[in-house]
Amino acid sequence: MAAAAGGDVAAFDALVRRHTTKLYRVALRIVGDPADAEDVVQEAWVSAWRSMAGFRGEAAPTTWLYRVVTNAALAHLRRRRPTVPLEPEGKVESALADRSPTPEQAALSREKVDAVLRAIALLEPSQRVPLVLRELEGMSYEEVASVLEVSVAALRSRLHRARVALLAKLEELR
């Protein structure tokens, strides 16, 4: 990261190769459309390159990159209203396959996974983003709070509201 911040194009290229899949997965879960997610990741990398010199190392490089892609995804959502429900096809399935399933996840039927993904896509971005980062990306509370630039207490409150809203959306989809 330090080399990339110093203008080393090869170091930046290594960052892009190492982190694009994770950033794409986050963007896809926030914006809900594979093509839009690709655009968001591209915008995030351009933004990261432009602001790389300002990276102070106060957060882990991965956390900083998640913040950049989250901000790009939220900006994209503000430009594009209304949100289109997420359909678990193509790249979503491959993004889900990148994660090793827990025993609980393995026990879920495909239909239940589809319903959960659709319900998450229906959440407001302020609820969807922390839920995606914490529950689907497995980030710690501290990492998610850093990405969203909120306190851990505020994050816990947002996650609680997101989980309640998710349960309500799942009930609506039944």
Side-chain angles (χ1 to χ4, degrees), residues 1-8 11-33 36-80 83 86 91-92 95-96 98-102 104-105 116-117 119-167:
M1 188 71 165
D8 184 340
F12 184 76
D13 186 52
L15 283 173
V16 170
R17 278 186 266 112
R18 185 178 310 131
H19 296 287
T20 294
T21 301
K22 288 184 254 183
L23 297 182
Y24 173 80
R25 193 171 53 227
V26 169
L28 180 60
R29 290 175 177 161
I30 294 171
V31 300
D33 178 72
D36 288 347
E38 289 175 5
D39 291 344
V40 165
V41 171
Q42 189 71 27
E43 290 172 25
W45 281 120
V46 169
S47 177
W49 176 252
R50 288 182 179 153
S51 58
M52 184 78 51
F55 177 71
R56 296 181 305 270
E58 295 171 359
T62 304
T63 302
W64 184 78
L65 290 170
Y66 274 123
R67 182 180 305 144
V68 172
V69 78
T70 298
N71 288 342
L74 291 174
H76 179 81
L77 288 177
R78 282 189 295 272
R79 290 189 305 266
R80 178 207 81 179
T83 302
L86 179 65
K91 293 184 182 176
V92 174
L96 289 174
D98 289 346
R99 288 178 37 110
S100 299
T102 64
E104 295 85 0
Q105 290 170 330
V116 169
L117 290 173
I120 289 171
L122 295 173
L123 295 175
E124 290 296 318
S126 64
Q127 296 172 338
R128 185 181 334 142
V129 172
L131 193 68
V132 164
L133 295 176
R134 171 71 184 140
E135 303 301 339
L136 299 181
E137 290 302 312
M139 295 175 71
S140 71
Y141 285 99
E142 292 77 14
E143 290 172 321
V144 176
S146 177
V147 167
L148 299 179
E149 299 176 320
V150 299
S151 69
V152 172
L155 171 66
R156 288 181 187 275
S157 176
R158 287 185 187 188
L159 282 169
H160 174 71
R161 286 192 305 272
R163 290 173 182 137
V164 169
L166 179 60
L167 288 174

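Counting from 1, the numbers follow the sequence of the chain as shown.
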Chemist: I'd like to check the side-chain hydrogen bond (donor to acceptor under 3.5 Å, both in side chains) partners of Asn71; sequence neighbours left out, ordered by chain and number.
Modeler: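 Not a single residue meets the side-chain hydrogen bond (donor to acceptor under 3.5 Å, both in side chains) criterion with Asn71.
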Chemist: Partners of Glu143 by salt bridge (Lys or Arg N to Asp or Glu O under 4.0 Å), sequence neighbours excluded?
Modeler: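 None.
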Chemist: For Ala4, check side chain to side chain contact (heavy atoms under 4.5 Å, CB included) against everything at least two apart and list the hits.
Modeler: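 In terms of side chain to side chain contact (heavy atoms under 4.5 Å, CB included), with neighbours along the sequence ignored, Ala4 is linked to Ala11, Phe12, Leu15, Met52.
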Chemist: Which atom pair, heavy atoms only, marks the closest approach of Pro125 to Leu77?
Modeler: CG-CD1, 3.6 Å
Chemist: For Gln42, does the CD atom have more than 12 heavy-atom neighbours from other residues, nucleotides or ligands under 6.0 Å away?
Modeler: no
Chemist: Looking at every heavy atom in both Ser51 and Ser47, which two are closest together, and how far apart are they?
Modeler: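 Closest approach of Ser51 to Ser47, heavy atoms only: OG-O, 2.8 Å.
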Chemist: Walk me through whether Lys22 and Glu137 qualify under salt bridge (charged side-chain N to carboxylate O under 4.0 Å, His left out).
Modeler: CA-CA 8 Å; Lys22 288 184 254 183; Glu137 290 302 312; over 6 Å; no
Chemist: Output the distance between atom OG (Ser146) and atom CE (Met139), rounded to the nearest 0.5 Å.
Modeler: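 Here the rounded value is 7.5 Å.
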Chemist: Could you work out, with side-chain hydrogen bond (donor to acceptor under 3.5 Å, both in side chains) as the rule, every residue matching Trp45, not counting sequence neighbours?
Modeler: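 Result, side-chain hydrogen bond (donor to acceptor under 3.5 Å, both in side chains) vs Trp45: Thr20.
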Chemist: List the atom of Gln127, the atom of Ala165, and the distance in Å for their closest heavy-atom pair.
Modeler: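 Shortest heavy-atom separation between Gln127 and Ala165 comes out as OE1-CB, 3.4 Å.
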Chemist: Can you name the side-chain hydrogen bond (donor to acceptor under 3.5 Å, both in side chains) partners of Arg163, sequence neighbours left out?
Modeler: Glu135
Chemist: Sequence neighbours left out, cut at 3.5 Å: what donor-acceptor pairs do the side chains of residues 147-158 make with other protein atoms?
Modeler:
residue, atom, partner, partner atom, Å
Ser151, OG, Ala154, N, 3.0
Ser157, OG, Arg161, NH1, 2.7

Chemist: Can you check whether Leu123 reaches Val129 side chain to side chain, under 4.5 Å on heavy atoms?
Modeler: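 Answer no - side chains too far apart.
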Chemist: Under the side chain to side chain contact (heavy atoms under 4.5 Å, CB included) rule, collect the residues that match up with Ala75, sequence neighbours excluded.
Modeler: Arg78, Arg79
Chemist: Which residues pass the side chain to side chain contact (heavy atoms under 4.5 Å, CB included) test with Ala44, sequence neighbours left out?
Modeler: Val68, Val69, Ala72
Chemist: Residues two or more places apart in sequence or in another chain: which of them pass salt bridge (Lys or Arg N to Asp or Glu O under 4.0 Å) with Arg17?
Modeler: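 Salt bridge (Lys or Arg N to Asp or Glu O under 4.0 Å) list for Arg17, sorted by chain: Asp13.
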Chemist: Stepwise, does the side chain to side chain contact (heavy atoms under 4.5 Å, CB included) test hold for Leu136 with Val26?
Modeler: CA-CA 9 Å; Leu136 299 181; Val26 169; over 6 Å; no
Chemist: Strictly distance-based, threshold 3.5 Å: is any side-chain N or O of Thr70 a donor or acceptor partner for the main-chain N or O of Tyr66?
Modeler: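 Yes, because the side chain of Thr70 sits within donor-acceptor range (under 3.5 Å) of the backbone of Tyr66.
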Chemist: Donor-acceptor check, side chain of Arg29 to backbone of Val132, threshold 3.5 angstrom: yes or no?
Modeler: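 The answer is no, because no donor-acceptor pair under 3.5 Å joins these two groups.
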Chemist: Return the set of residues passing side chain to side chain contact (heavy atoms under 4.5 Å, CB included) with Ala119 (not counting sequence neighbours), or none when no residue passes.
Modeler: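 Residues passing side chain to side chain contact (heavy atoms under 4.5 Å, CB included) with Ala119: Leu166, Lys169, Leu170, Leu173.
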Chemist: Heavy-atom distance under 4.5 Å between the side chains of Tyr141 and Pro130, does that happen here?
Modeler: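 Side chain of Tyr141 against side chain of Pro130, heavy atoms only: no contact under 4.5 Å found.
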Chemist: Considering residues at least two apart in sequence or located in another chain, which fulfil the side-chain hydrogen bond (donor to acceptor under 3.5 Å, both in side chains) criterion with Thr62?
Modeler: none
